[in-house]
Amino acid sequence: MIFAANFKTNHTRKSTAEYIRALNDKIESSPTEHRVFVFPPATALDSYETTATIGAQNAYPAQNGAFTGEIGVEQLEEFGIDTILIGHSERRELLGESQEAVAKKFAFFKEAGFEIIYCIGEPLEVRDQGDEAVVEYLLAQFEGIDTSYGKLIVAYEPIWAIGTGRSATVAEIESTHKALRATLPATPILYGGSVKPANIVEILSIENVDGVLVGSASLDIESFYEMVASV
Ligand code: PEP
């Protein structure tokens, strides 16, 4: 299983270091076979001593250059970071990243050999139209994406379930992951959207769910590791 913590715009450099120290202590005292990822904010990226994989929440598709406010591969390489989140709905919705821009970013970081957690998810108005509309919407988010890339992990995150406390139902997750599996026969598929200690066991027991991408409930190490240790 895969457990990925997305801090978004939370935690500082200091608190991220404390978090990773606490995570290391937990891994040492209660070893896990699962893969653990942590995506801190850009200011907290560093060469941490840990068996967890530290990734970037975002970066500009360039080695370096004149891209004010952005970081590129050079700034990630400094810390040995070769994992990135691409296509998160907050970047698509709030930062206006188009499918074309997302696909361009994907192609660049694939070429650079990065492991990519690629996020897809539908808005509530699409979910309300039923399963068929959802799958059609999600498949459109693979436009320009090489779904056979060996270092790809896909995260299905219904937008209406992110940060709302309302997770998708077991039936919704099951049918969506089943449909995605047809396109992604060998790619891990994570679920994300209000995952927490109270629902982790149920979510991970769903067929074709290979792990979780967690926002709010990952910010506290006790809550995050409770989930890692629960299965
Ligand atoms: C996310 O944004 O990736 C996410 C899943 O957030 P939350 O767990 O807070 O819903």
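Side chains are part of it too, since the values below use all heavy atoms of this structure and drop only hydrogens, waters and symmetry mates. Atoms within a ligand are numbered from 1 in the order they appear, just like the ligands themselves. Numbering starts at 1 and runs along the sequence shown.
The side chain to side chain donor-acceptor pair (under 3.5 Å) pairs that include a residue from residues 201-213 are R181-N208, R181-D210, where partners are two or more places apart or lie in different chains.
At a heavy-atom cutoff of 4.0 Å, ligand 1 is contacted by the backbone of A161 but not by its side chain. Of the heavy atoms in N6, only side-chain atoms (C-beta onward) come closer than 4.0 Å to ligand 1.
Note: the hydrophobic cluster containing I159 does not contain I120 (ILVMFWY, side chain heavy atoms under 4.5 Å, direct or indirect links).
Here the heavy atom of the protein found nearest to atom 8 (O) of ligand 1 is G215 N, 2.8 Å. Shortest contact from atom 9 (O) of ligand 1 to any protein heavy atom: S216 OG, 2.6 Å. In this structure, atom 2 (O) of ligand 1 lies nearest to the protein heavy atom K8 NZ, 2.5 Å. Among protein heavy atoms, the minimum distance from atom 3 (O) of ligand 1 is reached at E157 OE2, 2.7 Å.
Checking R92, K104, Q141 one by one against Q99, the side chain to side chain donor-acceptor pair (under 3.5 Å) holds for a single residue, R92.
The G193 neighbourhood of ligand 1 comprises atoms 5 (C), 10 (O), with distances under 4.0 Å to a heavy atom of that residue. For ligand 1, the atoms closer than 4.0 angstrom to any heavy atom of G163 are 7 (P), 9 (O), 10 (O).
In this structure, K196 has no heavy atom closer than 4.0 Å to ligand 1. At least one heavy atom of S194 lies less than 4.0 angstrom from ligand 1.
Using a distance-only test at 3.5 Å, with no hydrogens or angles considered, no donor-acceptor pair links the side chain of E122 to the main chain of R127.
Aromatic ring centres of F7 and Y19 lie closer together than 6.0 Å.
K178 NZ: 12 or fewer foreign heavy atoms inside a 6.0 Å radius.
Partners of K196 by side-chain contact (heavy atoms from CB on, under 4.5 Å), not counting sequence neighbours, listed by chain and number: A198, N199, A217.
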